[in-house]
Amino acid sequence: MMSADGVFDSPSRLNGLAIYDKDGDKIGNVGQVYVGDRSGRPEWVTVKTGLFGMKESLVPLSGARRAGEDIHVPYAKETVKDAPRLDADEHLDPSQEKQLYKHYGLTATGAGLGMASGTAAGTGTPSGTAAGAPSGTGRPGAGTATGGRAGAAAGAGRPMAGVRGAMPEEGRERHGEELIRSEEQLYVSTEEHEVGHARLRKVVVTENVTTSVPLSHEEVRVIHEAIAPEDRTGIRGSLIGEAQTEVTLHADEPVIRKESVPVERVRMETEKVTEQKEISAEVRKEQIEYDTDQTDTGMGGRRGSGR
């Protein structure tokens with residue numbers, strides 16, 4: 001028989017609890033509770049993992065622990081999500097049960113399970129038993145009651161633990177109407193908005209540019225050359241007197257010319273960057289409180305609260 005070592009004795013207090021995997025990541029919330037025929041204690045729960053909670057994955061409570069209002073199971077989140085799933089109103093058949101035990105590496109015990117009341121059909125299913133299970137497993141079609149109530153043939157009735165309240169058992173009765181506890185859940189989505197504009201413009205600036213240019217110029221150099229005697233007869237101006245001559249000198253000067261040429265292309269592009277941001281908001285939840293004026297036990301009136 002698989003149980004949670006006495007930690008989960010009250011099925012009615014498991015409904016809606018958050019379930020976390022072995023690494024502390026949230027898997028989902030408790031949907032349905034399955035109790036053992038012999039122990040009457042919760043042994044399996046379903047976790048709502050599909051879109052809008054329409055699909056549920058079964059996870060065993062064996063080895064699980066409770067921390068405050070959370071349940072921590074010794075399995076990875078992907079292991080639970082990869083477990084055989086069922087619809088919220090669907091019930092297990094023997095082949096699905098075998099798949100579950102094989103998926104979690106558990107050994108079938110042969111002890112029956114009762115599905116929590118408050119779901120469609122409400123029939124109990126055996127925990128890891130094949131066809132031909134002993135009486136008391138309460139399989140539909142084997143003479144057992146199908147409405148989640150006791151009274152099966154040959155004394156094969158099972159105790160049924162309700163998610164919203166315990167079904168009648170020996171020495172216990174349920175009175176009055178039940179309450180449904182609700183709470184707000186935070187869902188965050190994203191929406192794209194315009195946050196600003198980016199402009200690209202060019203302006204004219206002036207800067208000094210210095211460069212080196214080769215410049216040439218002419219310089220005067222006086223050369224003295226002796227005249228040979230044989231050359232003197234043909235030279236005029238041999239008379240002594242004043243005279244002059246001149247030479248035109250030349251020099252390079254820099255000429256500045258400016259020309260506009262394209263040198264670079266500049267454009268703007270956008271790139272989407274994703275970053276993590278913590279979002280917090282206040283959510284409301286209902287809390288169930290109870291009190292009693294019972295005094296026959298010598299303890300006086302009692303008051304308590306649930307989730």
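Counting side-chain heavy-atom gaps under 4.5 Å among Ile, Leu, Val, Met, Phe, Trp and Tyr, Y187 is found in no cluster with other residues. Think of V283 as one node in a network of Ile, Leu, Val, Met, Phe, Trp and Tyr side chains linked at under 4.5 Å; its network also takes in L186, V188, I279.
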Listing, residues 251-268 side-chain donor-acceptor contacts under 3.5 Å, not counting sequence neighbours, or none:
{"unit_1": "D252", "atom_1": "OD2", "unit_2": "S216", "atom_2": "N", "d": "3.1"}

Listing, residues 192-199 side-chain donor-acceptor contacts under 3.5 Å, not counting sequence neighbours, or none:
{"unit_1": "H193", "atom_1": "NE2", "unit_2": "E191", "atom_2": "OE1", "d": "2.8"}
{"unit_1": "E194", "atom_1": "OE2", "unit_2": "H197", "atom_2": "NE2", "d": "3.4"}

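Interatomic distance, R13 CZ to I288 CD1, rounded to the nearest 0.5 Å: 11.5 Å. We find the CH2-CG distance between W44 and L61 to be 9.0 Å, quoted to the nearest 0.5 Å.
Checked against salt bridge (Lys or Arg N to Asp or Glu O under 4.0 Å), R284 has the following partners two or more places apart in sequence or in another chain: E184. Scanning for side chain to side chain contact (heavy atoms under 4.5 Å, CB included) contacts around P84 gives Q99, L100, H103, with sequence neighbours left out. Residues forming a side chain to side chain contact (heavy atoms under 4.5 Å, CB included) with A67 (at least two apart in sequence, or on another chain): R65, H72. Partners of E218 according to the side-chain hydrogen bond (donor to acceptor under 3.5 Å, both in side chains) rule, which considers only residues two or more places apart in sequence or in another chain, are H250. Residues passing the side chain to side chain contact (heavy atoms under 4.5 Å, CB included) test with N29, sequence neighbours excluded: A18, K26, Q185. In this structure, the side chain to side chain contact (heavy atoms under 4.5 Å, CB included) partners of A228, at least two apart in sequence or on a different chain, are E230, D231.
In terms of hydrophobic clustering, with Ile, Leu, Val, Met, Phe, Trp and Tyr side chains grouped at heavy-atom distances under 4.5 Å, Y20 and I71 are assigned to different clusters.
Here the closest non-hydrogen pair linking G63 and P74 is O-CD, 3.7 Å. The nearest pair of heavy atoms linking S62 to Y75 is O-OH, 4.3 Å. Residues L58 and Y34 share a closest heavy-atom pair of CD2-CE1, 3.7 Å.
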Between V33 and N15, does a side-chain contact (heavy atoms from CB on, under 4.5 Å) hold up when you go through it step by step?
CA-CA 8 Å; V33 181; N15 184 31; 5.8 Å; no
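One N or O on the side chain of D21 and one on the backbone of D23 form a donor-acceptor pair closer than 3.5 Å.
Contact of the R66 side chain with the L17 side chain is registered, since non-hydrogen atoms from C-beta on lie closer than 4.5 Å. Using a 4.5 Å heavy-atom cutoff, the side chains of V59 and I27 are not in contact. Under the 4.5 Å side-chain criterion, counting only non-hydrogen atoms from C-beta, L249 is not in contact with E219. Residues V30 and I19 form a side-chain contact, since some pair of their non-hydrogen atoms from C-beta on lies under 4.5 Å apart.
Between E183 and R181 there is a salt bridge, with a side-chain nitrogen of the basic residue lying less than 4.0 Å from a carboxylate oxygen of the acidic one.
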